[in-house]
Visitor: 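Here it is: the structure, laid out below.
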Amino acid sequence: MQDSKLPLLLIHEVGGTRGVLEAHVPFLKKHFQLITMKEFLESKEYYCAQVQAIYSWWHKPVIDRELLKSLPNLKVISSAGVGTDHLDLKLISGFGVRIANTPHAVHSTTADIGMALLLAAARRLVEGCQIAVSPDTGYFSNNWLGEEVTGATLGIIGMGSIGYKIAQRARAFEMKILYHNRNRRKEDEEQAVGACYCGAIEDLLQQSDFVMLVVNLTPRTYKLIGKKELQLMKPTASLINISRGQVVDQDMLVEALQTGVIKSAAMDVTYPEPLPRDHPLLKLKNVIITPHVGIKTHKTTFMITEDAVSNVLAALNGLPMPSEVFPD
């Protein structure tokens, strides 16, 4: 039985493909009455005036004008993770609703998946695993080679908190680190990880053995990596994308991988997700694609929910939110 005195929190669903995790429900119920979108739509007139907050988990529920108009007492939307490209920030704030994300919880685990993809691409681990377990394999070829990570050059595009943690990990591999960012890091921060700033993205692309994309999706970063940028990369280079699928022109990436413009790609994100089963990226041996698992560990997902709750409770009490997001 839920405590009717607690504020009402709207979620998409519990469990399923896009619902909040069942293991998190007891924690959420300590602070809120939970109402799913299905329950809300079935009794809309009853719930409309009661909903004060929305928890957006994995981009659900969809926040559109119709939903916002139906919730006169909505005060806050707290979104899981860093990216807010699924939210129309100006539209939401226009209704007087505050917005928050949960960036602090995801820094380390996203950096981990970035390094995992880099290592897997360099040493061709997925392809190697397939060879090792194939019933057709009779011997292991001595000519089956990968690329060196130790001493290689890593170019990080987007040196925010996640990008910086990637640099910390890369330094342990004795990598040379270049980075491109809207704003240059402080000198002591650069020195701490041995990172060199590239004011022009072209310089980074030409010099890097591995290019890691760690930017938010904005109009400026949409298809940031296209045909021109791919052609600037070394033919032995790998592209790693842990940001958003639309940061890369996927058609141009397919062409670059098929024609040897770059050696390989490793991606935790695509557009759409999942890709259509006949998409050419799925047929290439020099591609690794994971199902957007950057934040998906037991510890991190619970930390995300904890941070989301902190944001909502702060907003409902008229206090500063730990990670409020504002429209540009």
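The first residue in the sequence is number 1, and the count goes up from there. Just so it is clear, the structure is predicted and the values come from calculations on it, not from any experiment.
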Visitor: Parallel, tilted or perpendicular for Y197 and H180, by the 30°/60° rule?
Guide: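 If you compare the ring of Y197 with that of H180, the planes turn out parallel.
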Visitor: Side-chain donor-acceptor pair under 3.5 Å between E202 and Q206, yes or no?
Guide: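 No, no side-chain donor-acceptor pair sits under 3.5 Å.
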Visitor: For Q207 and D203, indicate whether the former's side chain and the latter's backbone hold a donor-acceptor pair under 3.5 Å.
Guide: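 Checking the backbone N and O of D203 against the side chain of Q207, a donor-acceptor pair under 3.5 Å is found.
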Visitor: Is the backbone of P320 close enough, under 3.5 Å, to the side chain of E324 for a donor and an acceptor to pair up by distance?
Guide: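 No, E324 side chain to P320 backbone: no donor-acceptor pair under 3.5 Å.
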Visitor: Apply side chain to side chain contact (heavy atoms under 4.5 Å, CB included) to M303 and T109, showing your working.
Guide: CA-CA 11 Å; M303 286 170 60; T109 191; over 6 Å; no
Visitor: According to the interplanar angle, ranging from 0 to 90°, do the rings of H24 and W57 count as parallel (below 30°), tilted (30 to 60°) or perpendicular (above 60°)?
Guide: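 Correct class here is perpendicular.
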Visitor: What about W58 and H12, are their ring centers closer than 6.0 Å?
Guide: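 Judged by ring-centre distance (under 6.0 Å), W58 and H12 do not meet the cut-off.
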Visitor: With side-chain contact (heavy atoms from CB on, under 4.5 Å) as the test, pick out the partner of L213 among I242, V248, V269, I240.
Guide: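 Testing L213 for a side-chain contact (heavy atoms from CB on, under 4.5 Å) against I242, V248, V269, I240 leaves exactly one candidate, V248.
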Visitor: Please report the shortest heavy-atom distance between R124 and W144, naming the atom on each side.
Guide: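 Nearest pair, atom of R124 first, then W144: O-CH2, 3.0 Å.
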Visitor: So that I know where these two stand, are Y55 and F32 an aromatic pair - ring centroids less than 6.0 Å apart?
Guide: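 They do not qualify: ring centres at least 6.0 Å apart.
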Visitor: Is a donor on one side and an acceptor on the other found under 3.5 Å between the side chain of T270 and the backbone of P272?
Guide: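 Yes, because the side chain of T270 sits within donor-acceptor range (under 3.5 Å) of the backbone of P272.
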Visitor: Using a 6.0 Å cut-off, check whether atom CZ of R65 has over 12 heavy atoms from anything other than its own residue.
Guide: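 Open: at most 12 neighbouring heavy atoms sit under 6.0 Å from CZ of R65.
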Visitor: Closest approach of H104 and P322, non-hydrogen atoms and distance?
Guide: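 The pair with the smallest heavy-atom distance is NE2-O, 4.2 Å.
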Visitor: Where the side chain of R182 meets the backbone of G158, is there a donor-acceptor pair that is under 3.5 Å apart?
Guide: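 No: the side chain of R182 does not pair with the backbone of G158.
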Visitor: Without swapping roles, check the side chain of E174 against the backbone of T150 for a donor-acceptor pair under 3.5 Å.
Guide: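 Side chain of E174 to backbone of T150: no pair is present.
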Visitor: Keeping the roles fixed (side chain from K296, backbone from T301), state whether a donor-acceptor pair exists under 3.5 Å.
Guide: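 Side chain of K296 to backbone of T301: no pair is present.
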Visitor: Can you confirm whether more than 12 heavy atoms, excluding those of F27, are under 6.0 Å from its CZ atom?
Guide: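 For F27, atom CZ is crowded (more than 12 foreign heavy atoms under 6.0 Å).
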Visitor: Would D251 and K227 count as a salt bridge (charged side-chain N to carboxylate O under 4.0 Å, His left out) if you check the C-alpha gap in whole Å, the side-chain angles of each, and the deciding distance to 0.1 Å?
Guide: CA-CA 9 Å; D251 293 336; K227 185 172 185 176; over 6 Å; no
Visitor: Can you confirm whether the side chains of T290 and D268 place a donor and an acceptor under 3.5 Å from each other?
Guide: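 Checked: T290/D268 side chains pair up, N/O donor to acceptor below 3.5 Å.
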Visitor: Take D307 and S323, measure what side chain to side chain contact (heavy atoms under 4.5 Å, CB included) needs, and give me the verdict at the end.
Guide: CA-CA 9 Å; D307 286 358; S323 50; 5.8 Å; no
Visitor: Within a reach of under 6.0 Å around OH of Y47, are more than 12 heavy atoms found that belong to other residues, nucleotides or ligands?
Guide: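 Atom OH in Y47 is packed in, count exceeds 12.
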Visitor: Is the count of non-hydrogen atoms from other residues, nucleotides or ligands lying under 6.0 Å from K176 atom NZ greater than 12?
Guide: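 Counting neighbours around NZ of K176, 12 or fewer heavy atoms of other residues, nucleotides or ligands fall under 6.0 Å, so no.
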Visitor: Run the salt-bridge test on E13 and K60 with the 4.0 Å N-O cut-off and return the result as yes or no.
Guide: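 Between K60 and E13 there is no salt bridge, as every charged N stays at least 4.0 Å from the carboxylate O atoms.
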Visitor: Return the CG to OG distance between L257 and S264, rounded to the nearest 0.5 Å.
Guide: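 Those atoms lie 7.5 Å apart.
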